[in-house]
Q: 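Below is a structure I'd like to ask you about.
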Amino acid sequence: MVRRPRRGDGGQATVELAIALPIVLMVLLVIVQAGLVIRTQLLVTHAAREGARVAAVGEDPMAAAVASSDLDPSRMRIDRSGGSAPGEMVTVTITYQAPTNVPLVGQLVDDVSLTAEATMRIEG
């Protein structure tokens with residue numbers, strides 16, 4: 001015996017999909033935005049290490065940090081602290097305002113402030 005659906009139940013799946021699909025789509029967009037922020041944090045950390053490495057050999061850490069990644073220089077603040085004599089430690093701190101520009105999510109969340117710090121010994 002084959003059961004046939006009752007009359008009036010045919011649109012239930014369509015209504016459930018119409019209710020759930022926007023929520024699932026929003027969750028996917030949030031996951032994409034979080035992945036982009038994590039990627040940017042890795043780039044900021046790499047730029048801080050590169051800036052500290054260059055500062056340890058006596059050159060300008062700002063130019064090296066900017067050149068080492070594809071981060072927007074207008075959103076980046078680079079601070080150098082520490083000694084200047086061989087054997088002393090130099091620290092480069094980078095603060096970056098990561099944009100949240102994924103559709104829908106970017107309008108709900110402000111830009112994220114990311115910070116990375118790297119310290120190295122100055123070479124002689």
Side-chain angles (χ1 to χ4, degrees):
M1 175 192 253
V2 176
R3 288 186 119 178
R4 295 180 187 222
R6 294 183 311 195
R7 292 188 89 130
D9 289 344
Q12 178 181 354
T14 304
V15 171
E16 289 174 356
L17 179 66
I19 291 171
L21 193 59
I23 295 168
V24 170
L25 184 61
M26 185 60 101
V27 168
L28 287 174
L29 290 174
V30 167
I31 290 170
V32 168
Q33 182 63 65
L36 290 173
V37 169
I38 291 169
R39 175 191 176 272
T40 304
Q41 177 63 49
L42 291 172
L43 290 174
V44 170
T45 301
H46 174 71
R49 286 183 190 150
E50 193 66 22
R53 185 190 66 77
V54 169
V57 296
E59 297 178 23
D60 182 25
M62 283 68 162
V66 170
S68 69
S69 67
D70 61 349
L71 298 172
D72 182 5
S74 65
R75 294 178 164 270
M76 189 182 305
R77 191 182 83 230
I78 303 171
D79 298 316
R80 180 190 189 273
S81 61
S84 57
E88 295 180 348
M89 302 300 275
V90 62
T91 301
V92 173
T93 305
I94 296 181
T95 305
Y96 186 77
Q97 292 297 322
T100 54
N101 51 8
V102 171
L104 299 176
V105 177
Q107 288 80 23
L108 299 174
V109 179
D110 290 335
D111 289 352
V112 180
S113 180
L114 304 174
T115 302
E117 182 178 282
T119 302
M120 291 195 180
R121 186 175 312 277
I122 297 175
E123 298 176 12

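Computed over heavy atoms, backbone and side chain alike; hydrogens, waters and symmetry mates excluded.
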Q: Tell me who clusters with Ile31, hydrophobic residues only, linked when side chains sit under 4.5 Å apart either directly or through other members.
A: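 ILVMFWY cluster around Ile31 also holds Val27.
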Q: Is there a path of hydrophobic side-chain contacts, each under 4.5 Å between heavy atoms of I, L, V, M, F, W or Y residues, that connects Ile122 with Val57?
A: no
Q: Under the salt bridge (Lys or Arg N to Asp or Glu O under 4.0 Å) rule, what pairs show up with a residue in residues 25-47, not counting sequence neighbours?
A: Arg39-Asp70
Q: Taking only residues two or more places apart in sequence or in another chain, which ones pass side chain to side chain donor-acceptor pair (under 3.5 Å) with Thr115?
A: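 Testing Thr115 for side chain to side chain donor-acceptor pair (under 3.5 Å), a comparison that skips the adjacent residues, returns none.
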Q: Suppose the criterion is side-chain hydrogen bond (donor to acceptor under 3.5 Å, both in side chains): which pairs have a residue in residues 15-38, not counting sequence neighbours?
A: Gln12-Glu16
Q: Would you give me the side-chain donor-acceptor pairs under 3.5 Å for residues 45-54, sequence neighbours excluded?
A:
| from | atom 1 | to | atom 2 | distance (Å) |
| --- | --- | --- | --- | --- |
| Thr45 | OG1 | Gln41 | O | 3.0 |
| Thr45 | OG1 | Gln41 | NE2 | 3.3 |
| Glu50 | OE2 | Arg53 | NE | 3.3 |
| Glu50 | OE2 | Arg53 | NH2 | 2.7 |

Q: Less than 3.5 Å apart, which donor and acceptor atoms pair up between the side chains of residues 78-89 and the rest of the protein, not counting sequence neighbours?
A:
| from | atom 1 | to | atom 2 | distance (Å) |
| --- | --- | --- | --- | --- |
| Asp79 | OD2 | Arg77 | NE | 3.3 |
| Asp79 | OD2 | Arg77 | NH2 | 3.4 |
| Glu88 | OE1 | Ser84 | N | 3.0 |
| Glu88 | OE1 | Ala85 | N | 3.3 |

Q: Check the hydrophobic clustering (I, L, V, M, F, W, Y; side-chain heavy atoms under 4.5 Å; chains of links allowed) and say if Val90 and Val44 are grouped together.
A: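 Shared cluster, no.
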Q: Under the 4.5 Å side-chain heavy-atom rule for ILVMFWY, direct or indirect, which residues accompany Leu28?
A: Val24
Q: Using atom types as modelled, flag every donor-acceptor pair under 3.5 Å from a side chain in residues 103-114 to any protein atom, sequence neighbours excluded.
A:
| from | atom 1 | to | atom 2 | distance (Å) |
| --- | --- | --- | --- | --- |
| Gln107 | OE1 | Leu104 | N | 2.9 |
| Asp111 | OD1 | Thr100 | N | 3.3 |
| Asp111 | OD2 | Arg75 | NH1 | 3.0 |
| Ser113 | OG | Gln97 | NE2 | 3.3 |

Q: Listed by chain and number, what are the side chain to side chain donor-acceptor pair (under 3.5 Å) partners of Asp72, not counting sequence neighbours?
A: Ser74
Q: For the atom pair CG (Leu71) and OH (Tyr96), what is the distance rounded to the nearest 0.5 Å?
A: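 The OH atom of Tyr96 is 4.5 Å from CG of Leu71, to the nearest 0.5 Å.
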Q: Does a side-chain heavy-atom distance below 4.5 Å link Met76 with Ile94?
A: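 The answer is yes, as the side chains (C-beta and beyond) meet within the 4.5 Å cut-off.
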Q: Using links of under 4.5 Å between side-chain heavy atoms of ILVMFWY residues, direct or through other members, which residues join Ile19 in one cluster?
A: Val15
Q: Suppose we screen for side chain to side chain donor-acceptor pair (under 3.5 Å). Which residues come up paired with Thr93, at least two apart in sequence or across chains?
A: Glu117
Q: Any pair with a residue in residues 19-37 that passes salt bridge (Lys or Arg N to Asp or Glu O under 4.0 Å), sequence neighbours left out, goes on the list, sorted by first then second residue, please.
A: none
